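These notes concern the structure reproduced below.
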Amino acid sequence: MKRISLTQHLIEEQRLYNTIPASLRLLIEVVARACKTISHSVGKGALGDVLGSANSENVQGEVQKKLDVISNEILLQANEWGGHLAAMASEEMETIHPIPNRYPMGEYMLLFDPLDGSSNIDVNVSIGTIFSVLKAPEGMVTPTEKDFLQPGTMQVAAGYAVYGPQTMLVLTTGNGVQCFTLDREMGSWVMTQRDIQIPAETKEFAINSSNARHWHPPVKRYIDEMLAGRTGPRGKDFNMRWIASMVADVHRILNRGGIFMYPADLREPDKAGKLRLMYEANPMAFIVEQAGGTATNGQKRIMEIQPEKLHQRVPVFLGSKSEVERVTSYHAA
Ligand code: AHM
Ligand code: MG
């Protein structure tokens with residue numbers, strides 16, 4: 001098989017669609033390189049003394065793991081000096097990170113969840129990095145949080161790396177979704193799937209059902225109907241998977257279909273679910289839509305939500321089109 005590297009793919013996509021100028025290519029390559037470094041650290045585990053808690057909390061009040069902090073630092077350092085970015089924002093930092101003024105300022109803004117699925121770090125289960133790329137608003141001089149508050153439809157690129165049995169990078173720049181596998185010996189990203197399409201029909205769902213007693217009626221109805229199986233209203237049996245790493249759950253859905261849900265629930269009415277809009281839901285929604293799937297918050301397209309805060313949360317329903325449409329329609333009923 002002819003090996004197509006990430007760089008070759010980005011150059012070819014630019015030639016075909018004119019969507020990846022050199023500075024965006026540099027940005028994607030730098031993020032991909034940082035993901036290689038994170039993958040290396042993750043792979044060392046106890047041997048690299050990277051497991052366990054960092055004895056600190058992030059802005060969401062969650063205990064940070066050592067690898068959360070290490071991954072955040074790797075992404076910040078890799079992306080500071082290239083001249084392609086104006087600012088960065090991360091799940092692990094309360095405020096935005098403008099590019100230090102010793103470096104030239106670029107036209108893009110990068111958001112990331114440096115290591116998603118933190119609860120899985122210490123138990124050797126797949127985890128990942130999620131990122132989203134926006135353009136700095138016209139005329140911006142000093143970046144502020146407000147400049148980041150653009151709906152997901154404004155993303156120019158989004159992707160994730162999954163650190164599993166293989167390390168993979170899944171990427172979209174608005175022309176379909178490609179997957180690259182890290183060749184660990186060569187240290188290079190090699191394209192292993194082109195134009196991934198999520199199967200429209202599915203028999204698999206992913207939700208943390210330990211929260212079932214707190215669900216709102218539309219979610220409860222949707223899940224109950226699936227659990228009723230062949231003799232229930234859906235007329236077929238469903239299977240359930242929950243990895244507790246969104247990256248790994250979404251990766252499975254991209255490959256064999258399914259629906260992923262993290263709804264808001266009755267526990268804290270003011271808290272819109274668990275996942276964050278800007279660096280978890282939006283990039284995943286962009287990827288899922290580019291792969292022929294759908295992503296909503298139960299009411300509307302996630303990518304059309306106007307963000308009000310950097311760390312805002314959002315209910316998430318994403319994956320195979322027919323299932324996401326069904327559970328969304330239950331919310332309107
Ligand atoms: P994190 O960003 O702190 O790791 O939290 C996000 C993760 C998702 O990857 C995953 O889908 C979800 O939290 C799992 O939540 P739960 O602990 O309810 O199973
Ligand atoms: Mg996270």
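Ligands are counted one by one from 1 in listed order, and the atoms in each one are counted from 1 as well. Every value quoted in this text rests on a predicted model; they were computed, and no experiment measured them. Index from 1, following the sequence.
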Show your reasoning for whether side-chain contact (heavy atoms from CB on, under 4.5 Å) applies to K66 and V69.
-> CA-CA 5 Å; K66 278 188 201 167; V69 177; 6.0 Å; no
Do R33 and E29 meet the salt-bridge criterion of a basic N to acidic O distance under 4.0 Å?
-> no
Within 4.0 Å of some non-hydrogen atom of E280, the atoms of ligand 1 are 2 (O), 6 (C)
Does any N or O atom in G117 lie less than 3.5 angstrom from one in ligand 1, N or O only?
-> yes
Go through the steps for R234 and E323 under the test salt bridge (charged side-chain N to carboxylate O under 4.0 Å, His left out), then give the verdict.
-> CA-CA 11 Å; R234 300 297 308 271; E323 292 301 326; 2.6 Å; yes
Which of the ligand 1 atoms, numbered from 1, are nearer than 4.0 Å to a heavy atom of D113 | 2 (O)
Which of the numbered atoms in ligand 1 are below 4.0 angstrom from a heavy atom of Y262?
-> 15 (O), 16 (P), 18 (O)
For the pair Q178 and Q193, evaluate side-chain hydrogen bond (donor to acceptor under 3.5 Å, both in side chains) and give the outcome as yes or no after the intermediate values.
-> CA-CA 6 Å; Q178 330 312 327; Q193 282 168 285; over 6 Å; no
Please indicate whether any nitrogen or oxygen in V247 is less than 3.5 Å from any nitrogen or oxygen in ligand 1.
-> no
Quick one: which of L275, I207, V314 gives a side-chain contact (heavy atoms from CB on, under 4.5 Å) with Y262?
-> L275
Please verify whether a non-hydrogen atom of L275 lies at under 4.0 Å from ligand 1.
-> yes
Can you sort out which atoms of ligand 1 are near A244, meaning under 4.0 Å from one of its heavy atoms?
-> 9 (O), 10 (C), 14 (C), 19 (O)
Within the 6.0 Å centroid threshold, strictly below: F260 and W242 | yes
Is N211 in polar range of ligand 1, meaning some N or O pair under 3.5 Å apart?
-> no
Indicate, with yes or no, if L318 and L254 share a hydrophobic cluster defined by side-chain heavy-atom contacts under 4.5 Å among Ile, Leu, Val, Met, Phe, Trp and Tyr.
-> yes
Enumerate the atoms of ligand 1 whose separation from the nearest heavy atom of E91 is less than 4.0 angstrom.
-> 1 (P), 2 (O), 3 (O)
Minimum non-hydrogen distance to atom 9 (O) of ligand 1, winning option of M246, K274, M284 | M246
Under 3.5 Å between some N or O of ligand 1 and some N or O of N208?
-> yes
Looking at D116, which atoms of ligand 1 are within less than 4.0 Å of one of its heavy atoms?
-> 1 (P), 2 (O), 4 (O), 6 (C), 7 (C), 8 (C), 9 (O)
What do you reckon, does W242 have a nitrogen or oxygen under 3.5 Å from a nitrogen or oxygen of ligand 1?
-> yes
Can you list the ligand 1 atoms lying under 4.0 Å from a non-hydrogen atom of F260?
-> 11 (O)
Going through the distances and angles, do K65 and D68 end up as a salt bridge (charged side-chain N to carboxylate O under 4.0 Å, His left out)?
-> CA-CA 5 Å; K65 300 283 175 122; D68 285 323; over 6 Å; no
Q197 versus Q290, closest heavy-atom pair with distance | NE2-O, 3.9 Å
Counting heavy atoms under 4.0 Å, the part of Y279 that contacts ligand 1 is neither
Check the side chains of H311 and E91 for a donor-acceptor pair under 3.5 angstrom, ignoring hydrogens and angles.
-> no
The answer for which part of S245 has a heavy atom under 4.0 Å from ligand 1 is backbone
